[in-house]
2 protein chains.
Amino acid sequence: MSENTPRLLVEERRRLIVEQVERDGRATVEQLAARFAISTVTIRADLEALARNAAIVRTHGGALPAPARTADTPLSIKQARHAAQKKRIGQAAAKLVADGDTIILDSGSTTVEIARALRQRRWSALTVVTNGLYIALELGAIPAIRVMMLGGLLRPSSDSLVGPAAEQMLAQLSAQRLFLGVDGIDAEAGVTTPDPQEAALNALMIRAARETVAVFDSSKLGQRALSVIAPLSALHVAITDSAADAAQLRALREAGVRVEQV
Amino acid sequence: MSENTPRLLVEERRRLIVEQVERDGRATVEQLAARFAISTVTIRADLEALARNAAIVRTHGGALPAPARTADTPLSIKQARHAAQKKRIGQAAAKLVADGDTIILDSGSTTVEIARALRQRRWSALTVVTNGLYIALELGAIPAIRVMMLGGLLRPSSDSLVGPAAEQMLAQLSAQRLFLGVDGIDAEAGVTTPDPQEAALNALMIRAARETVAVFDSSKLGQRALSVIAPLSALHVAITDSAADAAQLRALREAGVRVEQV
DNA sequence: TGATAATCGAAAGTAAATGAAAGTTTCAAG
DNA sequence: CTTGAAACTTTCATTTACTTTCGATTATCA
């Protein structure tokens, strides 16, 4: 590997490191130093910087992939991950919706897939309440779907709206079903998300809906993010993919959640 | 490298930089300085300006492509009529905004141009209240701009939010300046728009702002739409293009409006 | 518990970025 | 045609960021 092109930019090198760690499941300091033909000290600096951003996990002598999305990753990146599973989950979730319903769609990459699946069907009347900009854009063009958007401060990393205004508005609404996209779901910690404001809003969404459906790809199982939304018992249905961990699913079922795998 | 071409315009050069970054996946400051035969300091200024608009990501010694916006974003904003005029009007309007301000941006194709012009400038703090989805998307990526979105029912034809929820939320806000995109403006009928709900919301926007700036291309002058927003006297400033009818402008001035033509 | 590998810290060299001052260009008025 | 303001550029000095080398220190594991 002759890496003597005009010399990599620092960020490029770090992106490559993350890639390698994700791909191989691991990487050693020596290995990386040899690959880029730089000193181990610099590699260590890189690893430390990446670990600070939770892009990887630091170990003695090397690095491992980061556990998963408990950190606040931009939507554009989340979208790329587990895209196929999310599509299937979205389609399964959309089947739970009946014509005439009022539903709440949380923001998030998985719930955007629900919106896309909803577009495929023919509706005579459907009301969708959402705080996600992209969900509103997906559904806005469908005449038979009434889209009500919660107002509030725009949270750029997820293109969603949060804050008191959204909460106040939500308090006046009520819906058949909530589809909640979760960032972490764990038997002990319950349902969690990285942003406290988002968590507060999500908790209110649960109160506003008669039934709560959590949608998440299997990588979220067993993860915990900073802010707690609710305990598992607040959920009625969970939809995830077939790679989900059996023990975690059992905990979900014991909490009274109907689990569906696609 | 023909040195006798009339020297690239700044915007042209920046466009080429973005192209190169997208194409090659990277670009270094040195490389770019050599390509355009200008100093590295200027290239750095370019990169900083582009990074501010989230067009690229800045790194040491160069730049990398910006992480792609969400997959298939329907950002295909319908190319409006009178696009050139609207762009100029947008830029003139943006000049009225000072750092630290709180402004209200109505939805509409002309106000989207104001948002784009705002992106070009450097802000340390700016709060934008809007009911337009595309405006929120334009400004969402700029960290120094706080975007507050009014909630409400999505009106598909204009991708804007209207209704009681938006009105209620707006009633609790106050701003230095409102930029109102109007569909009709006429000496007798005043400022008008086709949708009654939109008109009601716009009227509240006027009340929430200390100063109201109407923006419209000259084709709107003398037009009347269904719903009246306010009389001419409610406006403080009007920005339109140079093709505007002189008699109509006189009526505006007589109503106490400061008229600016671009 | 040692032996060994890995990490940390400080010093030093180099590339890149920043800030300030001064010179240009552009563009719109007078 | 001239003037003036605002936006661009450049040069030059200074500051910051990144990288390496070389000991000292701290984990890890047989």
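Note that this is a predicted model, so its numbers are computed, not measured. Throughout, a chain's letter reflects where its sequence line sits, starting with A, and its residues are numbered from 1.
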Checklist entry - Salt bridge between Glu48(A) and Arg44(A), side-chain N to carboxylate O under 4.0 Å? => result no
Checklist outcome for this item: Taking dA16(C), dT11(D), dT19(D) as options, the one with an atom nearest any side-chain atom of Glu30(B) is dA16(C)
Item to check | Atom-pair distance (CG on Leu32(A); P on dT20(D)), nearest Å | outcome: 13 Å
Checklist outcome for this item: Assign each of Val10(A) and Arg13(B) the nucleotide of DNA chain D bearing its closest heavy atom; nearer the 5' end lies the nucleotide of Arg13(B)
Next on the checklist: Could you check whether Asp46(B) pairs with Arg13(B) (Lys NZ or Arg NE/NH1/NH2 to Asp/Glu carboxylate O, under 4.0 Å)?
Outcome noted: yes
Item to check | Value in whole Å for how far the C1' atom of dA7(D) lies from NZ of Lys95(B) | outcome: 11 Å
Item to check | Separation of atom CD in Glu48(B) from atom C1' in dA16(C), rounded to whole Å | outcome: 14 Å
Checklist outcome for this item: Residues Leu137(B) and Tyr134(A): closest non-hydrogen pair is CD2-OH, 3.8 Å
Next on the checklist: Is there a side-chain contact between Arg14(B) and the phosphate of dC8(D), meaning an N or O under 4.0 Å from OP1 or OP2?
Outcome noted: no
Checklist entry - Which whole-number value in Å describes the distance from Ile43(B) CD1 to dT11(D) C1'? => result 16 Å
Next on the checklist: Please report the distance, rounded to the nearest Å, between CG in Leu9(A) and P in dT19(D).
Outcome noted: 10 Å
Next on the checklist: If I take atom CD in residue Glu12(A) and atom P in nucleotide dA16(C), what distance separates them, rounded to the nearest angstrom?
Outcome noted: 13 Å
Next on the checklist: Using C1' atoms of five pairs at each end, report the bend of the helix from dT1(C)-dA30(D) to dG30(C)-dC1(D) rounded to 10 degrees.
Outcome noted: 40°
Item to check | Positions of residues 54-64 of chain B (non-hydrogen atom under 4.0 Å from DNA chain C), listed by number | outcome: Arg58(B), Thr59(B), His60(B), Gly61(B)
Checklist entry - Which is true for Val41(B) with a 4.0 Å heavy-atom rule: it touches a base, it touches only sugar-phosphate, or it touches nothing? => result base
Review item, side-chain donor-acceptor pairs of residues 230-240 of chain B, under 3.5 Å, at least two apart:
{"residue": "His236(B)", "atom": "ND1", "partner": "Thr212(B)", "partner atom": "N", "Å": "2.9"}
{"residue": "Thr240(B)", "atom": "OG1", "partner": "Phe216(B)", "partner atom": "O", "Å": "2.8"}
{"residue": "Thr240(B)", "atom": "OG1", "partner": "Ser218(B)", "partner atom": "N", "Å": "3.4"}

Next on the checklist: Just by distance, no angles: are the side chains of Gln20(A) and Arg35(A) close enough, under 3.5 Å, to form a donor-acceptor pair?
Outcome noted: yes
Checklist entry - Under 4.0 Å: is that the gap between some side-chain N or O of Arg44(A) and OP1 or OP2 of dC18(D)? => result no
Item to check | Integer-rounded Å distance: dA16(C) P and Gln31(B) CD | outcome: 12 Å
Next on the checklist: For a quick test of reading the model: is some side-chain N or O of Thr42(B) closer than 4.0 Å to OP1 or OP2 of dT10(D)?
Outcome noted: yes
Checklist entry - With a 4.0 Å cut-off, would you call Glu113(B) and Arg116(B) a salt bridge? => result yes
Item to check | Glu11(A) with Arg58(B): basic N within carboxylate O range, under 4.0 Å | outcome: no
Checklist entry - Could you go step by step and tell me if Arg88(B) and Asp241(B) meet the salt bridge (charged side-chain N to carboxylate O under 4.0 Å, His left out) rule? => result CA-CA 8 Å; Arg88(B) 285 205 308 280; Asp241(B) 60 77; 5.7 Å; no
Checklist outcome for this item: To the nearest angstrom, the CD1-P distance between Ile38(A) and dC18(D) comes to 12 Å
Item to check | Candidate pair Val182(B) and Thr192(B), rule side-chain contact (heavy atoms from CB on, under 4.5 Å), full reasoning | outcome: CA-CA 7 Å; Val182(B) 309; Thr192(B) 53; over 6 Å; no
